[in-house]
Amino acid sequence: MNYWLMKSEPDVFGIDHLAGCPAQTEHWDGVRNYQARNMLRDQMQVGDLVFFYHSNCKVPGIVGIAEVVRSGYSDHTARDPRSNYYDPKSTEERPIWFMVDIRFVRKLERNISLEELKQQPELSSTPLVRRGNRLSVMPISPQEWDFILSLE
DNA sequence: GCCAACGTTGGC
DNA sequence: GCCAACGTTGGC
């Protein structure tokens, strides 16, 4: 059982989009970064919990919780020439890119902004608050998970 | 919209 | 295999 944080732009796919999906479940496609890919492919397990983070918006921060309901499998958008995420190097037999399925669990009672997270000494070593971090999927320690929830 | 930070690409 | 150029991310 692991904890994660996943970033998404609310204008593109926000927490309310996830909540509105059939079965409140959606595949998390389009990750095209090897470090994030490795976590999707190798480490994320069914039952893992995910902080849903809104990035590239007015108030970036954690807005909800989701659960991994299918572990890593081939990201089919890499094989779709019409997709923004098309990568001709990825094939059915040898996929390069992976995705997981996540299901909406709940929204937080209030959004916890990046600004607020940065002010917490307990979170000083989490990758999220480190400057210049661009990972769209990152691990959260159990201690960090509990602490962040205690801010809610 | 700016720009710092970072990852990827490709020439050599 | 180095590294400059380029593209992207994402906070501000």
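Below, chains carry the letters A, B, ... as their sequence lines are ordered, and counting in each starts from 1. All values derive from a computational prediction rather than experimental measurement.
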Judged by each residue's nearest nucleotide on DNA chain B, which is more toward the 5′ side, A:Asn56 or A:Gly132? A:Asn56
May I ask you to decide if the ring planes of A:Tyr34 and A:Trp97 are parallel, tilted or perpendicular, using 30° and 60° as cut-offs? tilted
Residues that A:Arg110 engages under side-chain hydrogen bond (donor to acceptor under 3.5 Å, both in side chains), provided they are two or more places apart: A:Glu116
Mind checking whether A:Asp75 and A:Arg37 have side chains closer than 4.5 Å, heavy atoms only? no
Classify the ring geometry between A:His54 and A:Phe52 as parallel (under 30°), tilted (30 to 60°) or perpendicular (over 60°). perpendicular
Any side-chain donor near an acceptor of the partner, A:Asp101 and A:Tyr73, under 3.5 Å: yes
Position toward the 5' end of DNA chain B (nearest nucleotide), A:Asn133 or A:Lys89: A:Asn133
What's A:Lys118 touching, base or sugar-phosphate or nothing? Going by heavy atoms closer than 4.0 Å. sugar-phosphate
What is the 5' to 3' range of DNA chain C, first to last nucleotide, that sits under 4.0 Å from any heavy atom of chain A? C:dG7 to C:dC12
